Amino acid sequence: MADTNAARTLIVGTAGVALSLLALYLIGAIAALAALALLALGLFVGLMTPSLQYRVMSLAGPGGALAQSLPASAVNVGIAFGSAAGGVALGGSTASSAVVTGLIIAVIVIPVAWATSFLKPPAARSAAGPAATAGSSPRPTSRT
């Protein structure tokens with residue numbers, strides 16, 4: 001799905017994470033259903049990982065080699081932020097408040113994923129045609 005339409009996959013994945021967290025909140029007391037909600041959550045997160053990497057690389061143009069480190073860094077910042085937010089929620093309430101906190105974050109991220117779907121790769125890269133790939137440089141055509 002990442003190479004077909006990475007932007008759409010990120011939107012679907014983010015919405016799937018939100019729906020999985022909502023299901024976990026609503027049916028979390030039933031172990032078998034909670035396990036299914038967690039399975040769905042893992043599948044949606046796994047769906048988003050290669051899509052995020054592909055999307056960043058395609059938008060980076062010639063800077064793709066450097067940009068490929070950004071998704072991993074963003075994921076780590078997200079883990080740190082989510083852990084801190086979940087910890088604050090747990091400290092002030094019940095265990096289900098951490099799920100609600102994750103759900104709120106996921107709902108906020110859905111429009112962000114949608115808005116970034118309008119970003120387009122650099123014009124120079126698309127004008128170069130299929131021969132230009134991330135990290136490659138054009139070869140001179142004239143001889144001296």
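Position 1 is the first residue of the sequence; numbering continues from there. This is a predicted model, so every value here is computed, not measured.
No single ILVMFWY cluster, assembled from side-chain heavy atoms under 4.5 Å apart, contains both Val88 and Phe81. Under the 4.5 Å side-chain contact rule for hydrophobic residues, Leu21 and Val112 do not share a cluster. Cluster annotation: Val12 is not connected to Phe118 through the hydrophobic network of ILVMFWY side chains, with a link wherever side-chain heavy atoms come within less than 4.5 Å. Both Leu22 and Ile104 are assigned to one and the same hydrophobic cluster, defined by single-linkage of ILVMFWY side chains at heavy-atom distances under 4.5 Å. With hydrophobic clusters built from ILVMFWY side chains whose heavy atoms lie under 4.5 angstrom apart, Val109 does not share a cluster with Leu119.
Contact record, Ala95 with Leu90: CA-CD2, 3.4 Å, taken as the closest heavy-atom pair. A pairwise comparison of heavy atoms in Ser96 and Thr94 identifies OG-OG1, 3.0 Å as the closest pair. When all heavy atoms of Ile110 and Ala15 are compared, the pair lying nearest together is CD1-CA, 3.8 Å. Of all non-hydrogen atoms in Phe44 and Ser20, the two that sit nearest each other are CD1-OG, 3.6 Å. Contact detail for Ile105 and Ala85: the closest heavy-atom pair is CD1-CB, 4.2 Å. Closest approach of Gly13 and Met48 over heavy atoms only: C-SD, 3.2 Å.
Between Leu24 atom CG and Leu19 atom CG the span is 12.5 Å, to the nearest 0.5 Å. Taking CG from Leu70 and CZ from Arg55, the interatomic distance works out to 14.0 Å, rounded to the nearest 0.5 Å. Here OG of Ser73 is found 11.0 Å from CD of Gln68. Values are rounded to the nearest 0.5 Å. One distance of note links CG of Leu52 with OG1 of Thr116; it measures 9.0 Å at 0.5 Å rounding.
The side-chain hydrogen bond (donor to acceptor under 3.5 Å, both in side chains) test applied to Thr49 returns no partner, not counting sequence neighbours.
No side-chain donor-acceptor contact under 3.5 Å links Ser97 to the backbone of Ser93.
For the side-chain contact (heavy atoms from CB on, under 4.5 Å) with Val17, the lone residue among Val107, Leu47, Val45 that qualifies is Val45.
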Inset, instruction - Verify side chain to side chain contact (heavy atoms under 4.5 Å, CB included) between Ser117 and Leu10, making sure each step is shown before the conclusion. - result: CA-CA 9 Å; Ser117 71; Leu10 289 170; over 6 Å; no
Inset, instruction - For Tyr25 and Val100, run side chain to side chain contact (heavy atoms under 4.5 Å, CB included): C-alpha distance rounded to whole Å, both residues' side-chain angles, the deciding distance at 0.1 Å, then the answer. - result: CA-CA 7 Å; Tyr25 177 73; Val100 172; 3.5 Å; yes
